[in-house]
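I have placed the structure first, in the form of structure tokens, so that the comments after it can refer back to it.
Below, chains carry the letters A, B, ... as their sequence lines are ordered, and counting in each starts from 1. Bear in mind the structure is a predicted one, so any value in this text is a computation, not a measurement.
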Number of protein chains: 2
Amino acid sequence: MQQEQLILKERPNGLPDDETFQYKNVDVPDPGQNEALVKTLYLSVDPYMRGRMSDAPSYSAPFEVGQPLYGATVSQVIRSNNEDLAEGDLVTGNLDFQEYNIVKASDVRKVQTDGLKPSNALSVLGMPALTAYFGMMHIGEPKKGETVVVSGAAGAVGQVAGQLAKRVGARVVGIVGSEKKAKYITETLGYDAAVEYKKGNVSEQLKETCPDGIDVYYENVGGEISEAVWPLLNVFARIPVCGAISSYNLKEGEQDIGIRVQRFLINSRAKMQGLLVADFADSFDEAYDALENAVANGELKFEETIYDGFHKTPDAFLGLFSGENIGKQIVKVAEKE
Amino acid sequence: MQQEQLILKERPNGLPDDETFQYKNVDVPDPGQNEALVKTLYLSVDPYMRGRMSDAPSYSAPFEVGQPLYGATVSQVIRSNNEDLAEGDLVTGNLDFQEYNIVKASDVRKVQTDGLKPSNALSVLGMPALTAYFGMMHIGEPKKGETVVVSGAAGAVGQVAGQLAKRVGARVVGIVGSEKKAKYITETLGYDAAVEYKKGNVSEQLKETCPDGIDVYYENVGGEISEAVWPLLNVFARIPVCGAISSYNLKEGEQDIGIRVQRFLINSRAKMQGLLVADFADSFDEAYDALENAVANGELKFEETIYDGFHKTPDAFLGLFSGENIGKQIVKVAEKE
């Protein structure tokens, strides 16, 4: 028995095209001991898969050229040698993009079908929804009355992320690419306002729709959209960086510095956080104690570069930027009496 | 009695120069009830003061043209009408840059002089050291065996930040601008290695000195230095963003997108954090419960755009980037049996 599989024919440079994908006929294998044969009902296409088509370093291993693409699927058990997988069961798991797969019980999870369609396991109960949940609730942490902006707001992740913020009482503004999507997020999803980036002047649209600034920015897009959001960030804003789709199909050499930060943060899941010492005023005693002890014990070394005379202040200040002086720059104005 | 004060003559465009600063003669005022007259012994010049010379939106109010600059000082009480401030006391506080100031007890803090020089209150026990402490210990959170990189490593903040990371057992690499500073941080401060950015190829130097990647990057500089650090970030790296000194003296219109992110994070003290759903695997049940309940109650709306047929997979994938479809993109491969 034969089946089709979808293989990566060539790595794309820029937007994938006909040279990227190829369908190929292969045999349907037989399930071995403890295995089951499952039939693919639905498969999920997601932006992160573009990263796997490239061999640039990323959080996910690249697809191999000549080998099948793979990703989230909903499948049905057709034949089973495993007591946990009954014929007819619907399961979801990361499987090869082909008509049939061989699975063990640990490769898949049963799909909840109670009042739901099988495909829902790939959308509102799938990875995009989980991604929305953790990004918004664990990193974004929206609070009642705060303003939350979601880019890619009508997408698989964005459609859930914004609603989760609404549920805690935040005001939610979505950034979308069309009037149809603007209607969807405001009328169906209950977002408070939509910004249509293709209409231009995203900064002005954001200022109008976010008069109290932005407390959470759920980042799916990167690039110019982020640039328009940043100046409106309120103090202690949070930016879960989930995606940077504006950059995924750039050609080699086109990598814009304006989206690199998002890409590196996603690859590393790093946290980047602005810092102002005054925000820690309640903990100054803790720091003074630690520093004073370390200095007293001779464990903390330091240098001061002291300029002698009040009139040296401009020179001392400029010395900060010329890179010539070591340690703290200080001006001595007068002798202690 | 007269004194000199240092005023902001003109706002600088680019690097401050002779037109920026002016000394002016003014009267020394008399202390009123509960006030004291203090004499300035030392004053601190710090990079953040460059921001105050501009009237661009920032976390700190701009200096006024024609008015004195102000910042951290160490002063001595000369005459006092306040029982908490005795003549001869050394105090530190944010005061005008002039030879004498009038203060209330709440404007200043007594300087610890036990085995220390008065100027130390502006360096290793001053705001730069507190900034190093909170940025490194509360945001960077270095752990034993991790690799920590500090830019501006021989500066007022950097010299303390790196040592704090050493004290918890991290491997610390400093980025500096000269051989003299490289020697200072490795020989005096005990950093494990130095990268001299003026020698060029910072990426290569970082790869050599950070063979296990970078877990904490204490950011003082921004721009090309950050660009060299980002590709080496390890999973779950932390980047306390304290400064972006490479950008402070850019002229109007020269604002490089490569440092904007640091500036906005500092101004807003925002947190920007990369996100991958797999990192939350231990909490999937929490998310499934929340999502399933919300869907079951009809409180969570969603759309799926379903492409019919396995051969539509390439189109479905490309549809993610054309911005035409709403909600989750799914391919239907087969009917459920």
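- Here A:Glu337 contributes atom CD and B:Gln76 contributes atom CD; the two are 5.5 Å apart, rounded to the nearest 0.5 Å.
- With rounding to the nearest 0.5 Å, the separation of OG in A:Ser44 from CD in B:Glu304 is 10.0 Å.
- A:Phe134 places a side-chain heavy atom less than 4.5 Å from the side chain of B:Phe284.
- At distances below 3.5 Å, at least one donor-acceptor pair connects side-chain atoms of A:Tyr184 with backbone N or O atoms of B:Glu303.
- To the nearest 0.5 angstrom, A:His138 atom NE2 is 3.5 Å from B:Glu286 atom CD.
- Both the backbone and the side chain of B:Ser283 have a heavy atom closer than 4.5 Å to some heavy atom of chain A.
- Contacts of B:Val295 with chain A are made by side-chain atoms alone, with heavy-atom separations under 4.5 Å and no backbone atom involved.
- For the pair A:Phe317/B:Phe21, a side-chain contact is recorded, criterion being any heavy-atom separation below 4.5 Å from C-beta on.
- One finds the CG atom of B:Asn234 at 12.0 Å from the CG atom of A:Asn267 (value rounded to the nearest 0.5 Å).
- Contacts of B:Tyr218 with chain A are made by side-chain atoms alone, with heavy-atom separations under 4.5 Å and no backbone atom involved.
- Side chains of A:Asp46 and B:Lys328 form a contact here, defined as non-hydrogen atoms less than 4.5 Å apart.
- A pairwise comparison of heavy atoms in B:Leu275 and A:Cys242 identifies CD2-CB, 3.8 Å as the closest pair.
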A:Phe310/B:Tyr23 under ring pair (Phe, Tyr, Trp, His ring centres under 6.0 Å): CA gap, chis, key distance, verdict | CA-CA 10 Å; A:Phe310 187 28; B:Tyr23 285 90; 5.1 Å; yes
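- Residues A:Tyr217 and B:Met272 form no side-chain contact, since every pair of their non-hydrogen atoms from C-beta on lies 4.5 Å or further apart.
- Contact annotation: the side chain of B:Leu291 approaches that of A:Leu130 to within less than 4.5 Å [non-hydrogen atoms, C-beta and beyond].
- With rounding to the nearest 0.5 angstrom, the CG atom of B:Leu41 is 8.5 Å from the CD atom of A:Glu335.
- With rounding to the nearest 0.5 Å, the separation of CG in A:Leu164 from CD in B:Glu299 is 11.0 Å.
- The nearest pair of heavy atoms linking A:Phe302 to B:Gln159 is CA-OE1, 3.5 Å.
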